[in-house]
Amino acid sequence: MGDEVRVRFAPSPTGLPHIGNIRTALFNWLFARHHGGRFIVRIEDTDQDRLVPGASDAVLDALDWLGLQWDEGPTVDGPHAPYYQSKRLDAYRETADKLLAGGFAYRCFCTEERLEQLRKEQSQSKDRQGYDRRCRSLSDAERESLESQGGPSVVRFAMPVSGVTSVDDVIHGQVAWQNELLDDFVLLKSDGFPTYHLAVVTDDHLMNITHVLRAEEWLPSTPRHLQIYQALEIEPPQFGHLPMILGPDRAKLSKRHGATAAGEYRDDGFLPEAMLNFMALLGWSLDDKTEIMDSGILTEKFSLERINKSAAVFDLEKLVWMNGVYIRQLPVPDLAERLLPFLERELPPSLLPVDWDYLLKIVPLIHERIKLLADAAHLTSYFFEEELDYEARALVQKGMGPGDVPPALEAAREELDRAAELKHEPLEQSLRAVAAAAELKPRQFFGLLRVAITGREVSPPLFETMEVLGKERVLSRIDAAIGRFQAAGQAIN
RNA sequence: GGCGCGUUCGUCUAGAGGCCCAGGACACCGCCCUCUCAAGGCGGAGAUCGCGGGUUCGAAUCCCGCACGCGCUACCA
């Protein structure tokens, strides 16, 4: 029982979850799954001032979307509930009391004003930063007097003033700090809520966490946590500090880097599978060539030993590429199903609802061309539109004169009208013959038809497109093209 | 300022003394395929392995120093 791996993802709901947060969740999840352990989600909502409504649901949604099921946490429950720190205040107070009783912590009555003043002076004099420990040496009488005044107070940890605290980080190896350089940080705030330091240690212990895998920005506070464990005579978990994920400017990922909220990637049409695969490669690798790995392979192969030490820049272009890879791997009906909500969202209401059987015929044509699900409407709109919108002059292909257009369209129309139904193979054969008879290069003739039939200069293969559109639509579009061209008249020259 | 971490192609990375005058992928360029665009195939350009010293017959890999970047330095996490 004591051998079971137990890890946790502990987001604080102070903003929408970004790639960095989610990647941390992913590594914890992979590690747990790899070892058949438990993955716990705990919401660290101890800062009442910075709480963002809806943020914790957004985190949970993101995990859900990616399929990172948690074994204990909000909505799942478990032996260590509740999993919101704001509901575990008693536990923290208990730890604080223990520390107080053991002489490892003390009450501090310094006002915020004094602290601010202190900081100001220190920054000017280049002195050692941090709390000056004024309340640490209060006599009993002084303390009682201060206490009786009933003013607000906090509980601070009494850091050893000598010695060294070191951690054997599973990713970074040995890291050590001089205790004298660490200050007496706050454990319990005056509003009765714990700081991060008190809360993590308390909960990680209570929840039997075996490995703390968190972002590297936490490395500097690890000695504090270790000191608390030591004071409490508790065996600390293993620590592993994950490399950070940076924006293109190499700064810690934040709002100004564009789509950083995980939910935005879903809205842009990224597949959760691609997202998962891509994030796993941000700071971890299997070998020198394998990149495409589904969650099964990932959980099988994941190991802490292969996690990088250095930060990684988030490369959106590569994510887009990988999304394309995953899209191409999807069976057509599956892709169609995922595309549907995007079409419903972005196609004009007048073109809805989308006919499912028709969609199933369209999807193969864009299958290897679409990289983001959200591009579906743009890529397929001409399949749904009644009337196309394009410039008449676009019909005139390179090397052709305007006078070549009407006869070419007429000839195509005539040929198409002969067929009972449009099938791409015979269609190609017969239209090539028409092109030759009209003394037009395939490129010109088909380019012209492409504009007439799709309104675009770029589209999936013409003949397959015509087959999907059907004879009726194709003929009427050619008619429309002839009309449009005539209406434009002299303007073409 | 102090403390800590980090440093291999633009980016993600492989590399744990000779296999590396450094391999893969994205992006970029060219060619092929071709009705356009993709996808695919082939090829190219791109990293004096941050810099300087050592150690060694031999260093991207070990040691020291420096530089630079980032993080922390709150009654925020």
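We name chains A, B, ... by the order of the sequence lines, and we start the count at 1 in each one.
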Compute the centroid of each ring, for A:Phe314 and then for A:Phe278, and state whether the two points are separated by less than 6.0 Å.
yes
Mind calculating the distance between CG (A:Asp375) and P (B:rA38) to the nearest angstrom?
14 Å
Nearest-neighbour nucleotide for the A:Arg306 side chain, B:rA77, B:rA14, B:rG2 considered
B:rA14
Are the aromatic ring centres of A:Phe446 and A:Phe463 under 6.0 angstrom apart?
yes
Pick base, sugar-phosphate or nothing for A:Glu112, based on heavy-atom distances below 4.0 Å to the nucleic acid.
base
Any idea which of B:rC72, B:rU7, B:rG24 is nearest the A:Ser310 side chain?
B:rU7
Which is more 5' along RNA chain B, the nucleotide nearest A:Leu319 or the one nearest A:Val325? Just name the residue.
A:Leu319
Base, sugar-phosphate or nothing for A:Ser459? Non-hydrogen atoms, less than 4.0 Å.
base
Distance flag, aromatic centroids of A:Tyr196 and A:Trp218, threshold under 6.0 Å
yes
Taking the minimum atom-to-atom distance to the side chain of A:Asp47, which one of B:rG71, B:rC76, B:rU13 wins?
B:rC76
A:Lys189 has a side chain; which of B:rU13, B:rC76, B:rC70 sits nearest to it?
B:rC76
When you measure from the side chain of A:His211 to the backbone of A:Asn28, do you find a donor-acceptor pair of N or O atoms at a distance under 3.5 Å?
no
Quick check for you: among B:rU34, B:rA25, B:rG40, whose closest atom lies nearest to any side-chain atom of A:Arg432?
B:rU34
Report the nucleotide, chosen from B:rA77, B:rA25, B:rC5, that has the shortest atom-to-atom distance to any side-chain atom of A:Val175.
B:rC5
Between A:Phe278 and A:Gln174, which is nearer to the 5' end of RNA chain B once each is assigned its nearest nucleotide?
A:Gln174
